[in-house]
Undergrad: 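For reference, the structure I am asking about is given below.
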Amino acid sequence: MTWADDGNNPMIHFNGVTKDYDNQTALRDITFSVEKGEMIFVTGPSGSGKTTLLKLIYFAEKPDRGTISIAGWETGQLKESSIPFLRRNIGIVFQDFRLLHNKNVFENVAMALRIRGAGEKEIKARVYETLKAVNLRHKADVFPRRLSGGEQQRVVISRAIVAEPTVILADEPTGNLDPDTAEGVMRTFKEINAKGTTVLIATHNRELFRNSGRRVIRLDMGNLVAEDRT
Amino acid sequence: MTWADDGNNPMIHFNGVTKDYDNQTALRDITFSVEKGEMIFVTGPSGSGKTTLLKLIYFAEKPDRGTISIAGWETGQLKESSIPFLRRNIGIVFQDFRLLHNKNVFENVAMALRIRGAGEKEIKARVYETLKAVNLRHKADVFPRRLSGGEQQRVVISRAIVAEPTVILADEPTGNLDPDTAEGVMRTFKEINAKGTTVLIATHNRELFRNSGRRVIRLDMGNLVAEDRT
Amino acid sequence: MTYAFILAFQSLIREKWINLLSVLTIASGLLIISLALFTVYNIDAATKNLPERFSMILYLDNDIQKEKVDAAVGILKKNHAVLSVRYIPKDEALKELKTTLKNSSYVFEGLDENPLPDAIEVKLKKDSVGQETVRKFAGEAMKIPGVKEVDYAEKFLSTLNYLRVGMKTIGLILIASLGAGIIFVCYSTVKILFYRRNEEIETFKLLGATKAFIRTPFLVEGALIGTSGGIVSLLGIFAFYYIVLLRLSVSMPIFKAILFPWDLFLVLPFVGTFLGVTGAAIAIGRLKY
Amino acid sequence: MTYAFILAFQSLIREKWINLLSVLTIASGLLIISLALFTVYNIDAATKNLPERFSMILYLDNDIQKEKVDAAVGILKKNHAVLSVRYIPKDEALKELKTTLKNSSYVFEGLDENPLPDAIEVKLKKDSVGQETVRKFAGEAMKIPGVKEVDYAEKFLSTLNYLRVGMKTIGLILIASLGAGIIFVCYSTVKILFYRRNEEIETFKLLGATKAFIRTPFLVEGALIGTSGGIVSLLGIFAFYYIVLLRLSVSMPIFKAILFPWDLFLVLPFVGTFLGVTGAAIAIGRLKY
Ligand SMILES: Nc1ncnc2c1ncn2[C@@H]1O[C@H](COP(=O)(O)OP(=O)(O)OP(=O)(O)O)[C@@H](O)[C@H]1O
Ligand SMILES: Nc1ncnc2c1ncn2[C@@H]1O[C@H](COP(=O)(O)OP(=O)(O)OP(=O)(O)O)[C@@H](O)[C@H]1O
Ligand SMILES: [Mg+2]
Ligand SMILES: [Mg+2]
């Protein structure tokens, strides 16, 4: 099952979405759309619900109210068995990295392709290519715990982009990167976006979207407080 | 054993320190000093050796060449059994958080005091006080995995300062924090520093030290490339 | 599929401690079950032929006529419980008694008249050798004309009975409890393995792995652990046979009578595989996205 | 110190699967060792008194004089290996033989002369009841004037010998291998526990915890796991006694002869504690900063 390019649906559409955790509302009545091929930013203070919004998009959480549709698929009506196939169209840069600590850098990045059943030759070629793009080709055999914070973050970015997904969700992708490296990563995202991939970046690093001309969604305490173009 | 205030030794002194990992030099011939009560920044691109420098200070790594002295204690001559007692004088904000995931926020912060053998009453009072300082009093009963990235980072900061150590080492303490929250944390560090605590912050967020008038040590590929006052 | 094997082997090596522990636990469980079965098997084999040794003696009236003896033998042979009937004239009985007394046979040296009565020896069919049936049969036999007395070993019967009941009870308790134990070990081993890799599995799911992709390495691992356990227990059984039994039978010939059912034990590795996979499947349970 | 207990209990609850597994493994190990010891203990108790049943009969010449008998008895009594000596005149021997033959005692009805010889029954001391010593003693006895023949049960002696050797061999193998097994289980359990919390321990160290602070919860945990294992095995032994042995002894009186050494088994929980702490201590090994 792949994502059919079915007409004029927006890539991501939230309609009145509310998400409650045990004793707290993380998102309240959120409505917004992301068009195909768009590059968009989500910002807001710590604990405002950015990560929760991303989790809703990749089905790690379910909305308590409202509807979400991803590339025309209504999340409420989705069969559980379809979830892995839908997720294969999404590349995720997790805020907490989620690296496999018992596998080296190469295998961590390769996992995204192995899960999709790619062949050994293709895996080798593409993994090394993306590692080169984030300047980590020389660390391919190292285990994650022996990497610096910024290096680990770049491995996560590699893994998110290696399978050339339709959508990329990046959660604070430059939190551990110096301004120069961060700029390099942003350039990579822009290149991928230019090829038609939808990119959504959650961050509080204002430098990333300052003067980019992209749309920015601002959250505060779970409310969508502003949607503007910088 | 506590840190005696023994005369005019600098708090931290590196003399020609080199640190090699398996197949790579992380720090090369580093010499610098940090005076008692100083607040100093270490910066540099991803993988330049900032975290390694901090690890050398808290004895998690040993230098391959050169000598390091902390409050007059030569690390080379230190007995292994003294290490825990020396570490109790250092509060560390780890870049990778190192939270105990099977303990709630309160217990995570309290651990720093329990290790020092503090009484239950003192623990309660001080833990809640520091949690309030980082605006997390309401999350005391929550487990780390249920916190947002920025909230987790603030728990780590609480744990580092709760025992009122002589030295605070903070590794990228604002990587997951929005500018406003980051400013609040920096204000807390400054207050603690004003009371005489030595504070060393490794970061690539230039905002943190811009116009602060503090000393900044710049690393690049393991070399100390500049030491300047902003 | 090949990648599942790679993952399974990697994890087996990485978690060698817990795996070694599980393999040995399963192995010893299977070993003890096997030894129990082995013992039961042997006791069963040994007691199966015991009833053949059981016989009853019917002492006949003094100076009984040939016709009356034949009539009695005829009646006995018609009985369904009877396996064989043998008439023992008193001369033969005396000869046998002399043989039995061996060294003390000079007891009979001065004897000029045979004081023994004629007798009929009756052997019963296996199924009929039980306390109740024998008692009933003895009652019936006493009614046959010419039979003076019926003699048989009460003690033999009760011992046989005890042996069977005791064997069954102990065997059942042992096998039931150990069987439950092994399933529990497999289950909890995989549960632990699974629980330890909870985070890894979560990441796999988020990367878009199907349930089969996640499950297969665990099933392979369970199978490998179970099979290893089975093989080790098989080696244990062989060691037991060669080191203990063969050694002992050199000095104690009784042990030579012990039967060793090879073919039965060769199934052990497969039992291990089955238990391992089942345990793993139960432990993984339903995966949820 | 109290905090160490809190940490230990928390971890016991959190890791309930692996802990349950360890407790049950240790329990079954101890249980099997106990049952083995129990069996050895009983076989030993049973065979200890067997030599008392052993006796030799010295048949004397026909119509031997009283003085010669007394002389023979005197010689025998002086022998260190001898426990007791009893002269059995031929009349007494005949009476005994009649009792032994019971139902067939009419064999002797027509007898007017006693065909049996006079005899001396000799019982040997426990230590001297062995194949070698008995053979030697028989040779010496034959040389005593008036002794015609020496008779004793060769088979009894060899069976006794086999029982002792077999028991020792099997018992030693079982206990040695299971003992090693239990230590391994304790070791690997704590090793796993320790290995699982590697990261947590690393964090503890970096926060300034002393080695004792880190170690104590593990030792407490090892002790608790070991003790629980011991208690469970004790319960198992009791269950075995009450459910199996008592039940069986109702229908099979032989089981009543079995001795149950309570005091020996009450030590099981402490053995568990010891093994648990030792295993934990070995597993933690040297902590390094
Ligand atoms: N699994 C969870 N269970 C309970 N509460 C949660 C859970 N995940 C998040 N929260 C709470 O929901 C709120 C929003 O969390 P979220 O992670 O979306 O914030 P965020 O915008 O990503 O913050 P940050 O910039 O610090 O990462 C926070 O207050 C957090 O404590
Ligand atoms: N334990 C280790 N074993 C081997 N190499 C290591 C280890 N820790 C760090 N390194 C390597 O040493 C170099 C310096 O690492 P360090 O963590 O000090 O960088 P950093 O300045 O903190 O970077 P960042 O800003 O990304 O956190 C990196 O290239 C890293 O890969
Ligand atoms: Mg977040
Ligand atoms: Mg670092």
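Naming: A, B, ... by sequence-line order, numbering from 1 per chain.
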Undergrad: Does any heavy atom of chain D fall under 4.5 Å from the side chain of B:E120, the backbone, both, or neither of them?
TA: neither

Undergrad: Does any heavy atom of chain B fall under 4.5 Å from the side chain of D:K211, the backbone, both, or neither of them?
TA: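 Contact with chain B involves the side chain of D:K211 alone.
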
Undergrad: Let me confirm one number: the CD1-OG1 distance from B:I161 to B:T130, rounded to the nearest 0.5 Å.
TA: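 With rounding to 0.5 Å, CD1 (B:I161) is 6.0 Å from OG1 (B:T130).
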
Undergrad: Is the closest basic N to carboxylate O distance between B:R126 and B:E129 below 4.0 Å?
TA: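 Judged by the 4.0 Å cut-off on N to carboxylate O distance, B:R126 and B:E129 do not form a salt bridge.
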
Undergrad: Just say parallel, tilted or perpendicular for the rings of D:F204 and D:F213, cut-offs at 30° and 60°.
TA: perpendicular

Undergrad: Determine, for B:F59 and B:R87, whether the Lys NZ or Arg CZ falls below 6.0 Å from the six-membered ring centre while staying within 45 degrees of the axis.
TA: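 No, B:R87 does not sit over the ring of B:F59.
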
Undergrad: Which one wins on heavy-atom pair count under 4.5 Å against chain D: B:R159, B:H101, B:M111, B:R116?
TA: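 Result: the option with the highest number of such pairs is B:M111.
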
Undergrad: Name the member of D:R14, D:Q10, D:K205 that forms the most heavy-atom pairs with chain B at distances under 4.5 Å.
TA: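 Ranked by heavy-atom pairs under 4.5 Å with chain B, first place is D:R14.
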
Undergrad: Given the side-chain rings of D:F265 and D:F238, with only the six-membered ring counted for Trp, is the space between their centroids under 6.0 Å?
TA: no

Undergrad: For the candidates D:L206, D:T210, D:T203, which exhibits the highest count of non-hydrogen atom pairs separated by less than 4.5 Å from chain B?
TA: D:L206

